[in-house]
J.: 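Structure in structure tokens, see below.
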Number of protein chains: 2
Amino acid sequence: MNPGSPGGLDKRKAYILATVVYEYIATAEPVASQTLTQKYHLGVSSATVRNELADLEAGGYLVQPHTSAGRIPSDAGYRTFVDQLMQPETLQAADRRRIRDELRDASRELDEVIENATRLLGRLSKNLAFATKPSNDAQTFRHLQLIWLSARTGMAIVVTSMGVASQSLFELAADVGPDELTRLSNALNSRLGNKMLRDIRESDVAAAVDELGLAGEFKTVIMTALRSARSGEQSTLAASGAQNLLDQPEFQDARKLRSILNIVEEQKTLYDLVADSMTAEAPEVKIGHELGVDEMQDFSIVTVPYRFGESAIGMLSVLGPRRMPYARLMALASGTAETLSARLSDAEIK
Amino acid sequence: MNPGSPGGLDKRKAYILATVVYEYIATAEPVASQTLTQKYHLGVSSATVRNELADLEAGGYLVQPHTSAGRIPSDAGYRTFVDQLMQPETLQAADRRRIRDELRDASRELDEVIENATRLLGRLSKNLAFATKPSNDAQTFRHLQLIWLSARTGMAIVVTSMGVASQSLFELAADVGPDELTRLSNALNSRLGNKMLRDIRESDVAAAVDELGLAGEFKTVIMTALRSARSGEQSTLAASGAQNLLDQPEFQDARKLRSILNIVEEQKTLYDLVADSMTAEAPEVKIGHELGVDEMQDFSIVTVPYRFGESAIGMLSVLGPRRMPYARLMALASGTAETLSARLSDAEIK
DNA sequence: TCTTAGCAATCGCGGGCTAGGAGTGCTAGG
DNA sequence: CCTAGCACTCCTAGCCCGCGATTGCTAAGA
């Protein structure tokens, strides 16, 4: 072993491993020693390659489906490939433009922008794309509007810097006029302006209500509206492109897909899987067993956070077979997330 | 042939056809003459049944996958079964209660209520459920609120009787104060109140703006807001339960699913397929080729409209294999649509 | 005329077998 | 350390064949 080389592998082993992974990703067939010598000019014979392959298998980077078959990468093999061997990709100008164009025309509504980005990523990556929607917790309060609908009913609308966060209907025990609602709205706006949603305290609200001499029930109404604004969307996902997985030869058998679709529908598991990538700078990759979910042994996920202003507010991910083109998907996910972030910042309510 | 009997079939043929369809739906296996005489007391021998089956096949109600197999229903066979032979089902009290409970707790937001109903129907039916979201065109205008965000920006929110319909940000060429926006909101509300969205004319808006001596650009802002309120959601679908289809033995082969998932993702085709059921009173069923889409030969759809007040505003559908339990799915779809309609009316903003 | 028992005929399906081939690991010599 | 050569392994596809399921037909009986 040569300790200075990537993964403790000498140069030739590293190159052979990279080639096996690359080839397997492209063909979905176990890779034979002869295939390697024929398609790539290694400068050595297939017998030598066989010896190297045997070493790589002993090192845990490759596995053999059966004795008379070629090698396929193990999770560790993919991991080494992703971390140290593969050539990172950057997006073609065409892709980059396409992402920008498709996201530009879309609605300005937060939800729809994110859903569009997810759909786009699903299509471009030809895999299943999903995104966590941002919790509104860390958003900045911009405006609260109480709308008079009838003497005892109204609607409270909370606007954050990312757009409308929530609306909630309320009912009152005593009659109220439109003017009172307007005055209360104004009082609240001057008190709460530019706070983060999570930093708003009941006392702030109470002060405004009391100042105007309004009924105590308003406090509940407003706190409810604020609370629903905070919790809105929390831990829900947008997903798109499940049918792409049907094209992969390894999922021709419907049973394997069944469990993955359940997991996607359920959302919670997926959410947990990517939650810890929120603080990451670069795209994060989880491969097979690294996901820690039995049913997902055959899958990998690429995750990259998207931002609003400075801080990460959600994750954009691609889910596909372990045998996925990692470099390309990382580039696509990054590019989409970047454009999405820019798009969100453009739409900010200042 | 006995012209007085259902579908021109005599009583025994009708009963045998019904039994074949019923049995095939339950087992997914071609039905043999002996199975019929053993599991159902027909009072005749299997040889007689064979003669009847041959007649039914000649009449186009049944087909034989190959000579030494039992019969399976043709589209015409299913059609006769649905229209004339099957025993309609009504929901068990337990199901009814479950639907009510699950829809009651859900959010009051229109979108979410519909999505919940779709998810619920997907789960109960163990098939793919989908719903068209209502166009806001026929909704009643309740309130328009212009929210001041900064001297030259604001947000317009249109509230209809079904909840918030839309929000749109606007930018102005000249400064404006919060009070002016409030006054304009009030003027518009008194003029537009209780009109249907589609009946609101530019002249109504212009009159309010001019009356207050405000800049002409407000007309554009408000018309844009109203237009986006009208067109919102149009022809989009909610769908849920695609993975249920994977459980059906006939879709173990992934290829068949591929096309259907594409169609669901695309939405447009599905939308067109159910659009003409909007005026229907009872659940409508389309079977196999009746759908008019090659890729959907093996599927059937049950569709039932849901209402807001008097008028139908959208459709709730179940998509599954032709071999679906029609009576049960019709009952489930009806029940869900009914509860959904009631739920929407409860949430009406009066 | 309708029903039915009996029976030959059909055809799909699964098991078992085999030949072919792909690919390896090992050995021995350069 | 590399590599040609070769025996060995094991999967795969194809084939055959027999079984079983089911039918349609025939002829006799109600």
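First the proteins, then the strands, lettered A, B, ... as listed; each starts at 1. All heavy atoms count here, side chains included; hydrogens, waters and symmetry mates do not.
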J.: Given the structure, check if the side chain of A/Arg50 and the base of D/dG5 hold any donor-acceptor pair shorter than 3.5 Å.
T.: yes
J.: If the cut-off is 4.0 Å, is A/Thr48 near the phosphate of D/dC2, judged by side-chain N/O to OP1 or OP2?
T.: no
J.: Please state how far atom NE2 in A/His66 lies from atom C1' in C/dG23, giving the value in whole angstrom units.
T.: 9 Å
J.: Which of these nucleotides, D/dT23, C/dG25, C/dT4, is closest to any side-chain atom of B/Arg71?
T.: D/dT23
J.: Please compare B/Ser45 and B/Ser68 by the position of their nearest nucleotide in DNA chain C and report the one closer to 5'.
T.: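 Upstream on the strand: B/Ser45.
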J.: Just how far, in rounded Å, is P of C/dC2 from CG of B/Asn51?
T.: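 So the CG-P distance, B/Asn51 to C/dC2, works out to 11 Å.
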J.: Give a yes/no on whether any side-chain N or O of A/Thr67 is located under 4.0 angstrom from OP1 or OP2 of D/dC8.
T.: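 So the side chain of A/Thr67 is outside the cut-off, no N or O lying under 4.0 Å from OP1 or OP2 of D/dC8.
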J.: Using the side-chain heavy atoms of B/Leu53, tell me which of these nucleotides is nearest: D/dC2, D/dT23, C/dT24.
T.: D/dT23
J.: Within this structure, what is the CD-to-C1' distance between B/Glu29 and C/dC13, rounded to whole angstrom?
T.: 12 Å
J.: Check whether more than 12 heavy atoms from other residues, nucleotides or ligands sit under 6.0 Å from atom NZ of B/Lys126, and answer yes or no.
T.: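 Atom NZ in B/Lys126 is not crowded, with 12 or fewer foreign heavy atoms closer than 6.0 Å.
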J.: Look at atom NE2 of A/His41 and say whether more than 12 heavy atoms of other residues, nucleotides or ligands are closer to it than 6.0 Å.
T.: no
J.: For A/Gln297, I'd like to know if atom CD has over 12 heavy atoms of other residues, nucleotides or ligands within 6.0 Å.
T.: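 Enclosed.
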J.: Specify the separation, in whole Å, of atom CD of B/Glu57 and atom P of D/dT23.
T.: 10 Å
J.: Where the side chain of A/Ala47 is defined as all heavy atoms beyond and including C-beta, which of D/dC10, D/dT3, D/dG24 is the nearest nucleotide?
T.: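 For A/Ala47, the side-chain atoms sit closest to D/dT3.
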J.: Is the count of non-hydrogen atoms from other residues, nucleotides or ligands lying under 6.0 Å from B/Tyr22 atom OH greater than 12?
T.: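 Incorrect, the count does not exceed 12.
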J.: With a non-hydrogen cut-off below 4.0 angstrom, is B/Gln64 in contact with a base, only sugar-phosphate, or nothing?
T.: sugar-phosphate
J.: Taking atom P of C/dT3 as reference, at what distance in whole Å does atom CD of B/Glu52 sit?
T.: 7 Å
J.: Identify whether any heavy atom of B/Ser46 sits under 4.0 Å from a base atom; if not, whether one sits that close to sugar-phosphate; answer base, sugar-phosphate or nothing.
T.: nothing
J.: Rounded to the nearest Å, what distance is computed from the CG atom of residue B/Leu42 to the P atom of nucleotide C/dT4?
T.: 10 Å
J.: Please determine if A/Asp55 and A/Arg12 form a salt bridge, counting it only when a charged side-chain N lies under 4.0 Å from a carboxylate O.
T.: no
J.: Would you kindly give the CD1-to-C1' distance between B/Ile72 and D/dA21, to the nearest whole Å?
T.: 16 Å
J.: Please report, rounded to the nearest Å, how far the P atom of C/dA22 is from the CG atom of A/Leu36.
T.: 16 Å
